[in-house]
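Take a look at the structure below.
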Amino acid sequence: MSEQMILEWDRDQLRVLSLTGGGRHFQVLAAGTLPTAEHVDPSVSAKTVGDAIREWLNSQGIPLGDVDVVLPRDAVVVRRLQLPHAPDDELPDLVRFQAATKASTSMDHLVLDYLKIPGADAAQGLSVMTMTIDRDQLSRLTAVLSAAGLSVRTVGVSPLTVARLVELVGHAHLGEKQADVVVFQNQGRVEVTVLNHGTLVLSHALRLPVQDGVVEPQSLKSELARLMVARTQAGESNEVGRCFYVSGHTDEGVKEILHKRLGVEVESIDLSGVVTAGDVRGYESLLGAATREHGEKLHLDFLAPRKKREIPDRRKLYWGVGIALALLVASTAYLVFQSKKSALESSIEGLVDRELDLDKQLKAGEPRVLAHERLAEWNESRADTVELWTRIQQHLPTT
């Protein structure tokens, strides 16, 4: 069975969960909380904090290696954006451009990822949920954990990990048929997440006051009212289908307020069938990070945010192929030319050799030719003696 390590990077503590298993069953190997604020304090060097974290992990018996990081809801900025319809390849740039008009900080200083809301009203365009984190904060996180001997694989957020945990225990179609609410509580920390169209459409976090170890949930009423107003402004109905409550220590006061304000029964999530060994109470959001993700609807990673799919520029390749083909044609033509030239040169050399042989033969037979010519001339000039004497007598005197 594979061993996993999940770490929650909170502003005043670090929580670590080491477990083994996969699928739907896990065994907790170790779990611990390190109260500290130095990990987010830039005045303390990353190496100093990393060394302290490594020593603490060794004391807890937690081996070093790869780690998945979970950020609490209040560590990120969540904003819903309404965009015109655009192809998926162009959507990342469009989201970033629209987010820049809403953000008070330059996008160069932020890391942004988003969730697409596929079932929103098509007439109004396209809706997305953006989450941003300060780039310096993310760099600090990776530097500290690297100094501690840990290799960060992913950086997610707790609302999504808790939602995946609810899906794991038997609610596979969370927020697909109607709006579902998932509430995660760890002492005074409460995160309320609304899921619709199969993905996150609203998320809010608050810190309830704690007196003598007892949580005072009264302020939750006003926060829920604000949440409902925000849903109305986003064009969502306030009707809720189901409400799931995730907490290692059930707070009946919180459940009662949720029941009265939302008007539905609040179902507590039982993890006894998922965790076969060990105690995971208080670490539910970390356990959710160990579950397998179902598609892109609940996936977000600040280390690998959604970006425009780069289409490779093939012009250089085409130019290279064209030049290579041209060189191939030129080299082939040159080889053919050289072959023809070589054949012609060989033919010329053969003809020259033949000419020299014939010339030698002519020179060798030249004396015979001259003799035949002279003989022919002599034969032409030869005269009959009797005839010649008769002619001479004709010209001689009669005496």
Side-chain angles (χ1 to χ4, degrees), residues 2 65-66 83-98 100 106-108 111-114 116 126 135 139 142 146 151-154 293 295-296 299 301-399:
S2 60
D66 294 336
L83 308 172
H85 290 288
D88 289 342
D89 289 344
E90 300 178 5
L91 188 56
D93 287 345
L94 182 61
V95 170
R96 188 174 180 84
F97 175 78
Q98 187 69 14
S106 172
M107 294 303 296
D108 293 335
V111 179
L112 177 145
D113 203 357
Y114 65 91
K116 183 179 178 181
L126 179 65
R135 189 176 297 275
S139 299
T142 55
S146 177
S151 177
V152 181
R153 294 192 306 180
T154 61
E293 299 176 6
E296 291 291 311
H299 169 77
D301 183 7
F302 287 113
L303 280 188
R306 291 169 175 82
K307 294 182 179 180
K308 181 179 179 180
R309 184 171 58 90
E310 296 294 339
I311 300 176
D313 187 358
R314 302 186 182 277
R315 289 179 296 179
K316 292 183 179 180
L317 176 62
Y318 296 152
W319 275 104
V321 172
I323 293 173
L325 290 176
L327 291 176
L328 179 61
V329 172
S331 61
T332 302
Y334 179 76
L335 291 175
V336 172
F337 170 75
Q338 290 294 331
S339 177
K340 293 288 186 180
K341 179 182 177 182
S342 178
L344 291 175
E345 288 178 348
S346 298
S347 177
I348 292 173
E349 290 179 357
L351 293 175
V352 170
D353 293 340
R354 177 63 176 167
E355 181 183 7
L356 292 176
D357 291 339
L358 293 176
D359 192 41
K360 289 180 180 179
Q361 293 178 9
L362 289 175
K363 288 182 178 181
E366 186 175 1
R368 183 177 295 181
V369 172
L370 293 175
H372 282 286
E373 289 178 352
R374 291 174 181 174
L375 181 60
E377 292 177 356
W378 179 81
N379 285 330
E380 290 178 358
S381 63
R382 188 183 61 173
D384 187 10
T385 306
V386 176
E387 182 182 356
L388 181 61
W389 177 248
T390 301
R391 292 174 62 186
I392 292 175
Q393 283 184 343
Q394 291 176 359
H395 293 282
L396 291 176
T398 55
T399 305

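Worth knowing before you read on, the calculation uses all heavy atoms, side chains too, and leaves out hydrogens, waters and symmetry mates.
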| field | Verdict with supporting geometry, L303 and V111, side chain to side chain contact (heavy atoms under 4.5 Å, CB included) | value | CA-CA 9 Å; L303 280 188; V111 179; over 6 Å; no

Residues passing the side-chain hydrogen bond (donor to acceptor under 3.5 Å, both in side chains) test with Q361, sequence neighbours excluded, are none

task: Test side chain to side chain contact (heavy atoms under 4.5 Å, CB included) on D301 and H299 and set out the steps.
output: CA-CA 7 Å; D301 183 7; H299 169 77; 4.1 Å; yes

Please list every donor-acceptor pair under 3.5 Å in which a side-chain atom of residues 327-334 meets a protein atom from a residue at least two apart or in another chain.
residue, atom, partner, partner atom, Å
S331, OG, L327, O, 2.9
S331, OG, L328, O, 2.8
T332, OG1, L328, O, 2.7
Y334, OH, Q338, NE2, 3.1

One should read off an interatomic distance between R354 CZ and S347 OG, to the nearest 0.5 angstrom, of 13.5 Å

NZ (K363) and CG (L358) are apart, to the nearest 0.5 Å, by 12.5 Å

For R306, the side-chain hydrogen bond (donor to acceptor under 3.5 Å, both in side chains) test, sequence neighbours excluded, returns D113, E296

CG of L351 to CG of L344, rounded to nearest 0.5 Å, is 10.5 Å

For residues 364-375, dump all side-chain donor-acceptor pairs below 3.5 Å to protein atoms at least two apart in sequence or in another chain.
none

The reported gap from CE in M107 to CZ in R135 (rounded to nearest 0.5 angstrom) is 8.5 Å

Quiz item: Taking side chain as C-beta onward, heavy atoms only, is Y114 less than 4.5 Å from P92?
Solution: yes

Contacts of Y318 meeting side-chain hydrogen bond (donor to acceptor under 3.5 Å, both in side chains) (sequence neighbours excluded), chain-then-number -> none

With side chain to side chain contact (heavy atoms under 4.5 Å, CB included) as the criterion, how do L126 and L91 come out once you've worked through the C-alpha distance, each side chain's angles and the decisive distance to 0.1 Å? CA-CA 10 Å; L126 179 65; L91 188 56; 3.5 Å; yes

>> Do S339 and K341 have side chains that approach each other closer than 4.5 Å (heavy atoms only, starting at C-beta)?
In response: no

Residue set satisfying side chain to side chain contact (heavy atoms under 4.5 Å, CB included) with L362, at least two apart, ordered chain then number -> none

When rounded to the nearest 0.5 Å, the distance separating CG of D89 from CG of L94 is 12.5 Å

